[in-house]
Peer 1: 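Here it is, the structure in full.
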Amino acid sequence: MAELDLAIRGGTVVDGTGAPARRADVGIRAGKLAEIGKLSGRAARELDASGCVVAPGFVDIHTHYDAQIFWDRMLTISPWHGVTSVVMGNCGFGVAPTRPDHRDLIMRTLENVEGMSLDALRAGIGPDWPFETFPEYLDALEARGSAINVGALVGHTPVRLYVMGEQATEREASEDEIAQMERIVAEAVRAGAIGFATSKSATHVGYEGRPVPSRAASLGEIERLAATLGAAGKGIVQATIGRGFFTRELGELARKIGRPVSWTALLAGALGPDGHRKVLEDHQALQRQGVAVYPQVACRPLNFEFQWKAPFPFESMQLFQPVSRADFAGKKKIYADPQFRAALRARGELGGLAARWENTVVASYAPDPSLEERNVVELAAERGVHPVDLVLDMGLETELEARFRIAIMNTDEEAVRELLSHPAVVLGLSDAGAHASQLCDGCFSTHLLSHWVREKQALTLEQGVRLLSSRSAEVFGIADRGRLETGLAGDVAIFDPDTVGCSPLRRVHDLPAGQDRLIADASGMRAVVVNGVVLREDGRDSLDPSGPLPGRVLRGGAARA
């Protein structure tokens with residue numbers, strides 16, 4: 001009889017703690033790491049890891065798979081890139097709790113704020129949702145099963161909508177409404193929510209151009225709901241920052257509730273050329289005082305592909321509020337209006353996103369593909385027009401199907417290097433599952449290992465693996481993962497350090513209702529193991545997506561025994 005279920009032999013172990021790499025074998029039994037060292041016993045299955053790094057499965061703390069999991073149990077593309085655990089419900093968005101008569105409002109909110117196809121959402125989740133409350137949602141995830149492990153934050157937006165209906169986008173809550181929300185959040189935490197998430201970001205615009213519900217909440221309401229975590233003695237607050245909701249307020253919140261806060265996102269260029277340095281200093285000072293506030297940073301440039309039929313990068317601008325409310329014909333009428341164009345040109349003269357045409361290229365233009373990847377400013381100069389008129393005309397000529405790609409932030413590599421190397425941060429903001437037709441950063445892990453570890457040598461291999469595993473797990477309270485240590489879960493990523501990486505993005509039409517998304521393929525990933533089961537090997541799934549899958553729901557940060 002085999003003594004181990006799985007033996008991984010001949011590799012170099014990088015255990016996730018930051019400790020030096022070492023040659024060792026890894027043995028897994030009953031889904032747990034049983035032996036690390038020289039294995040003497042037999043195993044039911046063997047993996048040859050010669051020439052490869054054997055690391056803990058990667059942890060992605062910032063995803064939006066809350067709906068996708070109902071049509072894609074494999075949670076693609078995350079496991080392709082070595083991710084074995086994800087946290088959903090970030091930025092205060094999610095699908096639970098949701099009353100049956102609010103389902104369309106939630107989906108329309110996700111359509112706008114997270115760039116999700118409404119057709120895909122409706123077809124993918126279906127008309128009969130198997131849950132209403134947050135505990136029922138976790139039960140539904142458990143019953144459905146998934147390829148990788150999932151933890152879920154309970155989101156402020158669905159909680160607010162559940163209690164207040166459409167008034168949730170319009171006003172502050174009453175005392176009675178806040179008390180109802182407190183009970184819902186507390187119930188979610190008891191059921192296994194990994195924490196509570198909220199947003200005050202001006203970029204978060206929901207259905208009909210309305211601010212998402214959490215933006216209408218007072219800071220007092222946020223504190224009351226977050227305090228349920230303090231009362232329970234567990235959970236993290238995930239916040240998306242906004243005016244009046246930044247370092248000082250987040251530090252006060254963490255002090256009052258006695259729970260960690262992680263916020264999205266500290267990106268190079270967001271606060272000016274050197275603005276990130278002051279933020280890093282402030283957070284390091286807070287952490288030295290025992291105040292656990294962690295900025296999330298990203299390892300890839302923040303690029304958005306957009307069409308004028310869904311202009312997400314611009315929707316936080318007041319000028320675009322009529323666009324958000326308009327139907328398709330109404331949008332085209334607005335874009336053709338000389339007054340709107342003049343206003344957009346004038347807005348660009350003030351700076352900000354509307355001025356970044358020099359960072360914008362044509363991504364897709366069916367009438368003349370030779371224009372694709374051309375810079376908008378250069379193309380406009382050739383035609384003797386303003387960039388605003390160029391891009392709007394190209395949109396109208398194609399029934400708003402033309403696509404443009406804009407580099408918004410995180411393009412200064414020296415600043416990104418500083419962010420990734422700083423001890424106060426945590427790696428996040430893959431946004432996997434969101435903005436599917438506009439961006440794809442679910443490949444962040446293989447990008448980090450190829451670009452920042454191998455090519456730039458900004459991080460050692462040990463530092464890179466730690467950022468991808470134990471650091472994220474520690475900050476988000478995922479107790480049984482993120483390190484290769486006996487007794488912990490058998491989640492393992494095996495990769496060739498010389499070839500690991502991700503491909504350029506490509507567009508596929510594999511979402512429900514034939515909708516499209518951007519994906520990136522992985523290279524150099526030898527195998528991905530989840531709870532002791534080989535999920536992927538040599539770039540291919542090892543399991544039938546319709547059969548039993550090894551992922552677990554991480555209730556309160558850990559799988560049930």
Side-chain angles (χ1 to χ4, degrees), residues 60-75 85-110 113-114 116 120-163 168 180-199 212-214 225 228-229 232 234-238 432-434 476-478 512 549 551-560:
D60 186 349
I61 59 173
H62 196 110
T63 80
H64 292 276
Y65 282 132
D66 312 69
Q68 182 176 326
I69 194 170
F70 286 96
W71 67 77
D72 176 16
R73 299 197 308 150
M74 302 302 285
L75 290 181
S85 298
V86 297
V87 176
M88 312 182 298
N90 282 276
C91 307
F93 308 130
V95 292
T98 297
R99 299 184 190 277
D101 55 344
H102 291 162
R103 289 171 183 169
D104 209 55
L105 291 179
I106 280 288
M107 289 189 291
R108 286 163 59 202
T109 296
L110 293 175
V113 75
E114 292 298 343
M116 297 180 183
L121 288 168
R122 286 172 173 163
I125 306 179
D128 299 317
W129 294 19
F131 60 87
E132 176 176 328
T133 68
F134 192 88
E136 289 170 349
Y137 175 71
L138 294 184
D139 290 345
L141 297 184
E142 217 152 44
R144 181 161 178 74
S146 59
I148 59 178
N149 308 300
V150 294
L153 298 152
V154 59
H156 198 174
T157 278
V159 167
R160 221 168 190 269
L161 187 62
Y162 193 88
V163 170
Q180 290 181 58
M181 286 188 268
E182 284 179 304
R183 290 192 290 271
I184 291 171
V185 174
E187 175 189 55
V189 172
R190 286 194 300 271
I194 214 162
F196 167 72
T198 189
S199 170
V212 297
S214 61
L225 301 186
T228 62
L229 307 182
K234 58 184 177 181
I236 186 169
V237 175
Q238 187 278 328
F476 269 67
I478 299 173
L549 295 175
R552 307 285 293 278
V553 174
L554 303 179
R555 293 178 183 262
R560 285 175 169 170

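On a predicted model such as this, the values are computed, not experimentally measured, just so you know.
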Peer 1: Decide side-chain contact (heavy atoms from CB on, under 4.5 Å) for Arg144 and Phe70; before the verdict, give the C-alpha distance in whole Å, the side-chain angles of both, and the deciding distance to 0.1 Å.
Peer 2: CA-CA 8 Å; Arg144 181 161 178 74; Phe70 286 96; 4.0 Å; yes
Peer 1: So if I apply the side-chain contact (heavy atoms from CB on, under 4.5 Å) rule between Leu153 and each of Asn90, Asp66, Ile61, which one comes out positive?
Peer 2: Asn90
Peer 1: Between Pro97 and Val159, which heavy-atom pair has the shortest distance, and what is it?
Peer 2: CD-CG2, 3.8 Å
Peer 1: Side chains of Val95 and Tyr137: closer than 4.5 Å at any heavy-atom pair?
Peer 2: yes
Peer 1: Find the distance between CG (Leu141) and CE (Met88) and round it off to the nearest 0.5 Å.
Peer 2: 5.0 Å
Peer 1: How close do Leu138 and Ala152 get, counting heavy atoms only, and between which atoms?
Peer 2: CD2-CB, 4.1 Å
Peer 1: Which value, rounded to the nearest 0.5 Å, describes the distance between Leu554 atom CG and Phe476 atom CZ?
Peer 2: 12.5 Å
Peer 1: Quick one: closest heavy-atom pair of Arg552 and Ala559, and the distance?
Peer 2: CB-CB, 3.7 Å
Peer 1: Thr198: which residues meet the side chain to side chain donor-acceptor pair (under 3.5 Å) condition with it, sequence neighbours left out?
Peer 2: His156
Peer 1: Taking all non-hydrogen atoms of both residues, which atom of Leu229 and which atom of Phe196 are closest, and how far apart?
Peer 2: CD1-N, 4.0 Å
Peer 1: Ignoring hydrogens and geometry, is there a side-chain-to-backbone donor-acceptor pair from Glu136 to Glu132 under 3.5 Å?
Peer 2: yes
Peer 1: Any chance you could measure Arg103, atom CZ, to Ile125, atom CD1, to the nearest 0.5 Å?
Peer 2: 9.5 Å
Peer 1: Over all heavy atoms of both residues, which pair between Arg160 and Pro213 is shortest? Give the atoms and the distance, please.
Peer 2: CD-O, 3.3 Å
Peer 1: Let me confirm one number: the CZ-OG1 distance from Arg99 to Thr133, rounded to the nearest 0.5 Å.
Peer 2: 11.0 Å
Peer 1: Can you list the steps and then say if Met74 with Leu549 is a side-chain contact (heavy atoms from CB on, under 4.5 Å)?
Peer 2: CA-CA 8 Å; Met74 302 302 285; Leu549 295 175; 4.0 Å; yes
Peer 1: When rounded to the nearest 0.5 angstrom, what is the spacing between CZ in Phe93 and CE in Met116?
Peer 2: 9.5 Å
Peer 1: Going by the rule side chain to side chain donor-acceptor pair (under 3.5 Å), which residues pair with Asn149 if we only count those two or more places apart in sequence or in a different chain?
Peer 2: Ser85, Asp491, Asn531
Peer 1: Students often mix this up, so state it plainly: with edges at 30° and 60°, are the rings of Trp129 and Phe131 parallel, tilted or perpendicular?
Peer 2: tilted
Peer 1: Less than 4.5 Å apart, any side-chain heavy atom of Glu182 and any of Leu225?
Peer 2: yes
Peer 1: Quick check for you: to the nearest 0.5 Å, what is the distance between Thr157 atom OG1 and Ile106 atom CD1?
Peer 2: 7.0 Å
Peer 1: Provide the closest heavy-atom pair for Ala197 versus Gly89 in the form atom of the first, atom of the second, distance.
Peer 2: CB-O, 3.3 Å
Peer 1: In the structure I gave you, are the side-chain heavy atoms of Thr63 and Leu75 within less than 4.5 Å of one another anywhere?
Peer 2: no
Peer 1: State which residues pass ring pair (Phe, Tyr, Trp, His ring centres under 6.0 Å) with Tyr162; sequence neighbours excluded, sorted by chain then number.
Peer 2: none
Peer 1: Are the side chains of His64 and Cys91 in touch, meaning some heavy atoms are under 4.5 Å apart?
Peer 2: yes
Peer 1: I'd like to check Pro512 versus Arg122 (side-chain heavy atoms, cut-off strictly below 4.5 Å). Are they in contact?
Peer 2: no
